[in-house]
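First up is the structure itself, then whatever we jot down about it.
In what follows, every chain begins at residue 1, and chains take the letters A, B, ... in the order their sequences are listed. Bear in mind the structure is a predicted one, so any value in this text is a computation, not a measurement. Heavy-atom basis, side chains included; hydrogens, waters and symmetry copies ignored.
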Amino acid sequence: MDADADLVVSLYDEKIGLQRETEELRKKRNDNALAMKGKLDPETRAVRIEEGKLLKDKIAQAEARLTELDNRLAVEGAKIPNMAHPEAPRGKEDKDNLEVKRVGEPTKFDFEPKDHVQLGQSLDLIDFDTATRVSGTKFYYLKNEAVILEMALVRYTLDTLMKKGFTLFQTPDIAKTEILEGIGFNPRGPESNIYTVEGEGTCLIGTAEITLGGYYSGSILDKISLPLKLAGVSHCFRREAGAAGQFSKGLYRVHQFTKVEMFAYTVPEESGAMHEYLRTVEEEIFSGLGIPFRVVDTCTGDLGAPAYRKWDLEAWMPGRNGGEWGEVTSTSNCTDYQARRLNIKYKDEDGKNKHVHMLNGTAVACSRAMIAVLENFQRADGSVAIPPALVPYCGFSEIGRK
RNA sequence: GGAGCGGUGUCCGAGGGGUUUAAGGAGGCGGUCUUGAAAACCGUUGUACCGCGAGGUACCGGGGGUUCGAAUCCCCCCUGCUCCGCCA
C-alpha cells in the first residue's frame with residue numbers, strides 16, 4: 001500500500017477549484033439557453049447561438065479535466081487504509097498478536113493423536129488425492145459422514161444465529177468487482193486472493209462478507225432499523241497464490257470451503273459494542289462445540305486495510321505440528337471504511353445522512369471447524385466422537401472405521 | 001439465446017427538443033378548523049457536491065453522442081415484464 005494522504009488532499013483541493021469553474025460555465029450555458037426560449041429576432045438569436053457554441057467548447061474541456069482529476073482522486077483515495085483502534089497491539093505480523101482470553105485447555109490424549117488428514121483417510125471422510133487429479137491441489141472431496149458433519153455445523157450455527165435475531169441468507173457465490181473493491185478486496189493483480197470470472201466483471205467471493213456487505217450498497221437505512229444483523233451461508237473461494245511456504249496441510253488452507261458469516265450494520269456509536277457482541281457469539285459457538293480456543297487481539301500490521309480492530313479465535317488443533325492454535329474465526333470492526341466505498345448511510349435525527357459502521361465475523365468456517373472437531377474428538381481406537389451439540393443435526397454420535 | 005414492451009421523485013403516474021421551475025394523484029411532515037379525531041383547506045417534500053450565506057451545479061436505469069439547448073432524438077450496455085427456445 002503506497003497511500004499518500006498529502007497527495008489526496010492536494011488533488012481534492014484542485015478538484016474543488018475546477019469543479020467550481022465548471023459549474024460557473026454550466027450556469028452561463030443554462031442562462032444562455034433560457035434566454036432563447038421565446039421569440040427572438042434572427043440577429044440576436046445568431047449571437048446567442050455563437051455564445052452557446054463557445055461555452056459548449058469550454059465546458060467540454062473543463063469536464064474532461066475534471067473527470068481525469070476525479071479518477072486520480074478516486075484511485076489515490078482508495079489506497080488509504082482505515083485507522084486502527086488505539087488499543088490494538090502495535091506490530092507487523094501475526095506473532096505480534098496478543099492473546100486476551102482462553103476457553104478450555106489444549107486437549108490431552110493418552111495415545112498419539114492423528115491429524116485430520118490421517119483421520120480423514122482412515123475413516124474415509126476426506127479425499128485430497130482424487131480432488132487434486134480432478135480439480136487441482138488444495139481441493140478436496142468430503143465423503144460419507146463428513147458430508148453430514150459439514151451440514152450439521154452449518155445448521156447448528158444457523159439455529160444459534162436465528163435465535164439471536166440474525167436474518168438468515170444463502171448468498172450468491174459470485175459478486176461484481178465494484179462490490180469486492182467496496183468491501184476492501186483487491187480482485188486484480190497477481191497477489192490477489194480472488195478468482196475473477198473471465199469477461200464478466202465478476203469474481204468468486206472469498207467470503208459472504210462481500211455479498212452481505214454489498215446487500216445495502218447505495219442505500220439510506222432508517223436509523224430505527226439499526227442495528228441490522230445478517231448471517232449468510234456461502235461457498236468461499238481463495239486462490240492462495242504463493243501460500244506454498246505457509247502451513248497448508250489438509251483442510252487448513254484450501255481453495256474452496258463453506259462458511260456461515262455474520263454481518264452487522266450499526267450507527268457509529270454502537271459499533272464497538274457490536275464488535276464485542278460478534279466475538280461473544282463466536283465464542284459461544286465454539287464453546288458449544290466443546291472445542292478449546294483462545295482469543296487474540298490482532299496487531300495493527302495484521303489488520304488489513306478495512307479493519308479498525310480485529311479479533312481472531314484460534315482453536316486447538318492437536319494434529320498441527322504436534323499441537324498448535326489455528327485460526328478458525330475472525331471478527332472485524334470496519335467502522336465507516338466500507339460504508340464510504342459502498343455508499344451506505346442512515347438518516348440521523350438531525351436530518352443528515354451519515355455513513356453506517358459495518359462489521360463482520362465468522363460464525364463457522366466449515367473446513368477449519370472440521371479440523372478442530374476431528375482432531376479434538378478422536379479416540380484411541382481411531383474413531384471420532386461427534387460433539388454432543390452436533391449429534392441432533394448429524395443423526396449419529398460417532399464416526400467409526402468402515 | 002430470440003422477439004415484443006417497459007425503466008421518470010418516497011410510491012403511483014403524465015410528459016416524445018425551449019411556457020418543465022418534471023403535471024396530476026397517493027403517502028409523509030407542518031398548519032388552519034375541531035373538546036378530540038376524521039374530512040376539508042393551506043403549506044411543505046429526494047440525493048450528492050460547492051458556498052458563511054443568498055444561492056449554484058448535477059441526477060428522469062447506466063455510459064457515450066447529436067444540439068445554442070436533451071427526461072424527450074441517435075448508439076451501446078444493464079435491468080424488469082410477457083412470449084418462445086433451452087434447462088436443474
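Within the 4.5 Å cutoff, the side chain of A/F109 has heavy atoms near those of the A/P318 side chain. Side chains of A/R320 and A/Y252 form a contact here, defined as non-hydrogen atoms less than 4.5 Å apart.
A salt bridge is absent between A/D129 and A/R133; no separation between the charged side-chain nitrogens and carboxylate oxygens falls under 4.0 Å. Using a 4.0 Å cut-off between a side-chain N of Lys or Arg and a carboxylate O of Asp or Glu, A/K15 and A/D70 qualify as a salt bridge.
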Per-nucleotide protein contact along nucleotides 45-52 of chain B, 5' to 3', at a 4.0 Å heavy-atom cut-off (B base, S sugar-phosphate only, - neither), is --SSSSS-

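Atom P of B/A26 sits at a distance of 8 Å from the matching atom of B/A40, rounded to the whole Å. Between the C1' atoms of B/U47 and B/G9, the separation comes to 10 Å (whole Å). When the P atom is used for both B/C49 and B/U32, the distance is 35 Å, rounded to whole Å. Rounded to a whole angstrom, the distance from the P atom of B/C5 to that of B/C75 is 13 Å. Rounded to whole Å, the separation between the P atoms of B/C86 and B/G16 comes to 43 Å. For the P atom pair drawn from B/A70 and B/A22, the interatomic distance equals 15 Å after rounding to whole Å. With both ends at atom P, the span from B/A71 to B/G17 equals 12 Å, rounded to whole Å. For the C1' atoms, the distance linking B/C74 with B/C83 amounts to 29 Å, nearest Å.
Atom CG of A/L18 and atom P of B/A58 are 15 Å apart (whole Å). Nucleotide B/G69 holds its C1' atom 11 Å from the CD1 atom of A/I59, rounded to whole Å. Atom CD in A/E21 sits about 17 Å away from atom C1' in B/A58, given to the nearest Å. Rounded to a whole Å, the CD atom of A/E63 is 13 Å from the C1' atom of B/G64. The nearest whole Å value for the distance from the CG atom in A/L66 to the C1' atom in B/U57 is 11 Å. As rounded to whole Å, 16 Å separates atom C1' of B/A70 from atom CG of A/N32. B/G69 atom C1' lies 17 Å from atom NZ of A/K28, rounded to whole Å. Distance A/D31 CG to B/G18 C1': 14 Å, rounded to the nearest Å.
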Annotated structure of RNA chain B as dot-bracket, pair cut-off 3.5 Å, Watson-Crick or G-U only, | for inter-strand, is ((((((((.[[[..)..(.....]]]((((((.......))))))(((((....))))).[[[[[..)....]]]]])))))))....

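Position along RNA chain B of the nearest nucleotide to A/N30 versus A/L34 favours A/L34 as the more 5'-ward residue. Remark on RNA chain B: of its neighbouring residues A/R29 and A/E51, the 5'-side contact belongs to A/R29, judged by nearest-heavy-atom nucleotide.
For the residue pair A/D173 and A/H235, a side-chain donor N or O sits within less than 3.5 Å of a side-chain acceptor on the partner. Using modelled atom types, one finds a donor on one side chain and an acceptor on the other under 3.5 Å when comparing A/N321 with A/E324. Side-chain contact annotation: A/S192 with A/N186, donor-acceptor N/O pair under 3.5 Å absent. Side chains of A/T211 and A/T171: a donor on one and an acceptor on the other come within 3.5 Å.
At most 12 non-hydrogen atoms from other residues, nucleotides or ligands lie less than 6.0 angstrom from CE of A/M151. Within a 6.0 Å sphere centred on CZ of A/R294, other residues, nucleotides and ligands contribute more than 12 heavy atoms.
Closest of all the heavy-atom pairs between A/I194 and A/P187 is CB-CA, 4.0 Å.
Using a 4.0 Å heavy-atom distance criterion, A/R26 is classed as a sugar-phosphate-only contact.
B/G16: glycosidic angle within 90° of 0, hence syn.
Within the structure, every side-chain polar atom (N or O) of A/K53 is placed at least 4.0 Å from both OP1 and OP2 of B/U67.
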